[in-house]
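One structure is given here, and the rest of the page talks about it.
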Amino acid sequence: MPIDKSEAAMIRLRRWTQVLCLVLFGIIFFHFSLPDGSGKQPRPLANPPASTNLTPVSRPPEPPAPPNSPPPPPKKGDTPKVTKPNADAKDPLKGQDEPAKGTQIHWQKFPEHFPVPTELLITLPTSKPKTPIGRIQATFDRESDVDRNDRLKKRFAIKEALEHSWKGYKAHAWGKDEVGPLTGNGKDNFGGWAATLVDALDTLWIMDMKAEFEEAVEYVHKIDFTVYESPQIRVFETIIRFLGGLIGAYDISGHKYPILLQKAIEVGDVVFGAFDTPNRIPMLYYEWKPEAVAKPKRASYQTGLAELGTLMMEYTRLAQLTGNQSYYDAVQRITDDLEAIQFNTSMPGMWPGVLDGTGGCAGIQPMAPRPITFNPGVNGKKISKRADEDTWRDEKQEERLGDDAKKPTDDPDRPGECIAKGLAARNVPYGVDEYTYGAGSDSYYEYLIKMHLLLGGATDQYANMYKSSMEVGKKLLYRPNIPGNPDVLLAGKILAKGAEKALYFRSETGHLTCFAGGMFAVGSKALNIKEDLEVGAKLTDGCVKIYSITKSGIMPEALTMMKCPDDEKCVWDEIEWMKILAPAENWDLITAKETATATATATKTTTTTATTTPKIAGSKTTPDGKKVGAGAAVIEDDERHPNEIPIEKQQQKPQNANRRRDNPPSPAQIARERAEAYVKALNIPPGVTEVNDRKYMLRPEAIESVFIMWRITGDKAWREKGWEMWQATHKSARTEIAYAQIADVTLEPGKWGNQHDNMESFWFAETLKYYYLLFSEPELVNLDEYVLNTEAHPFKRKTF
């Protein structure tokens with residue numbers, strides 16, 4: 001009987017099902033026949049945790065593991081030799097540790113190679129100040145109900161921004177260093193120590209988010225600071241964010257959470273090994289793993305001023321809280337060395353952004369089992385070693401330093417010795433020394449006056465170094481030429497070039513320099529330098545003005561401005577601005593009439609009457625005969641922006657392309673049109689000759705100075721300026737998760753793709769905190785009771 005088609009299909013289906021079942025059965029049988037249930041032979045761990053071979057008494061014995069199998073994971077109650085911090089746990093507050101993904105190397109404390117004998121430790125000063133520190137904050141009148149309601153409304157908006165940002169961090173990247181504000185991805189850019197969480201601690205307390213604060217403190221208890229996810233610790237960033245964050249939270253919370261100080265000590269001790277060099281100048285990228293610590297090291301030939309000098313407040317405050325004088329000794333030796341060379345640089349009175357930290361030692365002695373003795377003093381520290389030990393050398397550094405870098409064993413009269421000197425300005429005949437309040441130098445100058453406050457004026461050293469550097473530093477300041485002729489200042493930079501180290505001024509400025517206004521203002525009040533309060537106000541106003549001239553209302557990371565030829569009489573000069581943007585011989589053909597018309601038009605737009613800019617103090621002669629202050633000549637660095645327009649803009653038809661051939665444009669018109677096209681193509685604000693870096697990184701420096709000027713003067717105008725800055729930032733940076741960096745501040749807000757997936761921890765630690773304090777009661781973080789480190793962490797000031 002013939003089989004119909006449907007029955008034949010069923011028969012084929014049954015056959016294929018049987019075949020498939022046989023194949024699956026074979027795969028499963030083969031899979032489970034292997035020792036570890038996988039398709040690979042397991043590789044035993046090189047160093048299994050010590051606890052994995054222990055059998056708890058309270059449990060029945062475990063069956064023996066098959067040969068070559070990995071050890072079983074630690075059971076609850078075991079104490080493994082190495083563990084992984086619970087930074088990646090989904091809910092760290094429940095205390096359920098996730099299994100370690102592998103053994104981790106922990107930092108260990110070893111005997112120092114170049115220890116400081118106890119009798120030579122530099123201890124905290126205890127003398128009462130010779131001159132009392134001046135009062136910093138203004139005396140505020142009682143505010144009206146209308147003003148109070150307006151202030152609280154604005155403060156609530158700032159707090160909501162923190163709550164939004166914190167919620168995004170907690171939901172997407174809890175325990176990570178940062179959260180991506182666009183993607184929600186967690187990032188570990190600072191060793192996996194939960195940088196955002198630690199940096200935000202005191203901000204949470206200040207904004208009265210106590211539940212979130214205690215939740216974060218509980219997580220801090222679980223962070224293992226002896227494990228770092230990179231072979232090198234970034235010393236500067238670690239100290240200001242983690243050590244500063246823990247100390248600031250401990251101080252602002254009234255010392256109610258001892259774990260914060262315990263963890264601060266842990267961080268301080270881990271990083272303290274960076275100071276173990278022949279001249280005690282720290283390595284700024286510290287190799288913390290045991291195999292690296294076993295080898296002696298020395299500081300770099302290219303040691304950054306800001307990174308080196310911005311460790312002082314944190315270790316000094318840690319010494320004050322613990323009584324451990326070694327912490328203070330470590331940073332005070334840096335100060336002594338910087339003081340020794342202050343008037344021996346290419347711009348006496350200030351320090352270049354990069355210094356030689358090697359101490360002249362190209363070779364370094366190996367580890368000695370006993371303390372190595374050396375003579376006290378700022379320079380000429382004599383480091384000796386046992387004669388039967390070999391030497392260790394950095395041959396690359398020896399080659400770079402040349403004959404000045406004597407090898408430790410080159411001198412037969414001093415076998416195995418290294419005369420470790422202190423810091424020095426790099427001797428690069430044709431190199432460039434950069435003097436600036438911007439990147440690479442900024443926070444060191446800030447710390448000079450802040451260390452004076454932190455120590456309660458117990459020593460005049462920091463105040464004297466500050467005053468000398470500020471006297472010379474005023475040469476960095478200039479009045480920008482912009483429409484409206486505002487009487488404001490910005491901070492540029494001075495370059496010492498060539499074998500003669502001739503000084504050249506450049507009007508390049510940036511967001512990082514905006515802290516200088518607050519610095520000058522605080523110094524004026526603390527040290528009674530009255531004229532510097534006006535300098536601070538003009539610098540702060542300068543940054544506020546730059547915020548206002550961009551389409552987003554936000555200042556870019558870096559830009560170059562046109563400088564007024566005369567600070568006292570400055571009128572907006574559009575023709576000169578266009579000459580810089582489009583330099584050409586055609587500009588010399590502009591008629592006097594055109595120039596006069598442009599000048600007259602600019603004069604009509606004047607909104608601020610020019611006043612006298614504070615003049616730089618006269619020259620001063622140091623004991624060694626060198627001049628500082630206005631005595632050293634500075635040449636204008638006439639390095640202008642190249643005359644370039646993007647290719648796509650060059651291909652566009654010019655505005656006047658259809659002009660009649662019998663009526664060609666004049667050379668002046670051609671030059672003007674070219675400059676206008678350049679301005680339009682690159683969104684150049686008036687008065688700006690180059691936008692060197694267009695992004696905004698959620699930085700705090702401008703609002704920091706606005707906040708300080710409000711607290712010092714009590715002038716409500718500063719609050720209004722700060723609120724305009726906040727509205728612009730909120731409009732451009734807000735995302736569904738948090739707040740994002742802006743790619744190009746010269747574009748209108750809301751431009752698609754104009755946000756970067758980055759939000760550094762200082763958004764919590766500094767930017768939001770300064771905005772919030774601007775609209776808070778003056779008693780909250782009173783500047784006569786606290787001094788803030790460069791990450792805005794409040795340290796309790798010493799009082800007598």
Side-chain angles (χ1 to χ4, degrees), residues 133-138 306 309-310 313 347 349-351 435-438 441-454 457 462-480 486-494 509-546 555 567 611-617 628-630 700-715 717-718 721-722 770 774 783-784 787-790 792:
I133 296 175
R135 178 183 173 89
I136 294 178
Q137 289 206 166
T310 315
M313 287 183 65
M347 187 173 168
M350 294 187 74
W351 299 266
Y435 297 89
T436 176
Y437 287 141
S441 300
D442 46 1
S443 49
Y444 172 63
Y445 294 103
E446 167 193 359
Y447 268 35
L448 290 175
I449 186 61
K450 289 185 174 182
M451 277 293 292
H452 183 68
L453 297 176
L454 183 62
Y462 288 98
N464 292 335
M465 293 171 70
Y466 169 81
K467 288 187 287 188
S468 296
S469 66
M470 292 304 105
E471 180 181 358
V472 181
K474 289 176 183 177
K475 297 173 71 173
L476 299 173
L477 312 183
Y478 69 97
R479 183 175 176 181
D487 188 16
V488 299
L489 293 173
L490 294 173
K493 61 176 62 174
I494 292 177
T509 190
H511 204 287
L512 284 170
T513 68
C514 291
F515 84 96
M519 175 185 67
F520 272 98
V522 170
S524 73
K525 301 295 289 186
L527 303 178
N528 194 28
I529 310 174
K530 296 181 179 179
E531 62 272 17
D532 279 5
L533 182 58
E534 184 181 6
V535 174
K538 289 187 176 184
L539 280 169
T540 306
D541 259 334
C543 290
V544 172
K545 183 63 180 177
I546 301 303
M555 182 177 182
D567 286 348
T611 58
T612 302
T613 300
K615 293 189 176 182
I616 302 169
V628 298
E701 292 79 16
I703 191 59
E704 172 186 357
S705 289
V706 170
F707 157 71
I708 290 173
M709 291 306 306
W710 155 249
R711 286 289 183 92
I712 287 178
T713 66
D715 186 349
W718 293 111
K721 295 171 184 177
Y770 284 127
L774 178 64
L783 297 182
D784 290 302
V787 56
L788 280 64
N789 84 333
T790 194

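Values below: all heavy atoms of this structure, side chains included; hydrogens, waters and symmetry mates excluded.
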Approximate separation, where rounding is to 0.5 Å, of [X] [atom1] and [Y] [atom2]:
| X | Y | atom1 | atom2 | result |
| --- | --- | --- | --- | --- |
| T310 | N789 | OG1 | CG | 9.5 Å |
| L489 | T513 | CG | OG1 | 11.5 Å |
| Y437 | M519 | OH | CE | 4.5 Å |
| L490 | L539 | CG | CG | 7.5 Å |
| L454 | Y462 | CG | OH | 9.5 Å |

Exercise for the section: Using modelled atom types only, decide if a donor and an acceptor are shared between the side chain of T509 and the backbone of A491 within a distance under 3.5 Å. Expected result: yes
Please check: side-chain N/O of S468 versus main-chain N/O of M465, any donor-acceptor pairing under 3.5 Å? no
Output side-chain donor-acceptor pairs under 3.5 Å for residues 703-711, partner residues at least two apart or in another chain, one line each.
unit_1, atom_1, unit_2, atom_2, d
S705, OG, C514, O, 2.6
S705, OG, F515, O, 3.4
S705, OG, G518, N, 2.9
R711, NH1, Q137, OE1, 2.6
R711, NH1, P778, O, 3.3
R711, NH1, L780, O, 3.4
R711, NH1, V781, O, 3.1
R711, NH2, E777, O, 3.4
R711, NH2, L780, O, 2.8

Given the options K474, K538, K525, D532 meets salt bridge (charged side-chain N to carboxylate O under 4.0 Å, His left out) only with K474
Residues passing the side-chain hydrogen bond (donor to acceptor under 3.5 Å, both in side chains) test with K450, sequence neighbours excluded, are E446
Check your understanding: Relative to the ring of Y445, is the ring of W351 parallel (under 30°), tilted (30 to 60°) or perpendicular (over 60°)?
Key ->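 The rings of W351 and Y445 sit tilted, inter-plane angle from 30° to 60°.
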With sequence neighbours excluded, residues passing salt bridge (Lys or Arg N to Asp or Glu O under 4.0 Å) with K493 =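 Checked K493 against salt bridge (Lys or Arg N to Asp or Glu O under 4.0 Å); matches are E434, E508.
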Original post:
Do the side chains of L453 and L783 get nearer than 4.5 Å, heavy atoms only?
Top reply: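 No, every pair of side-chain atoms sits at 4.5 Å or beyond.
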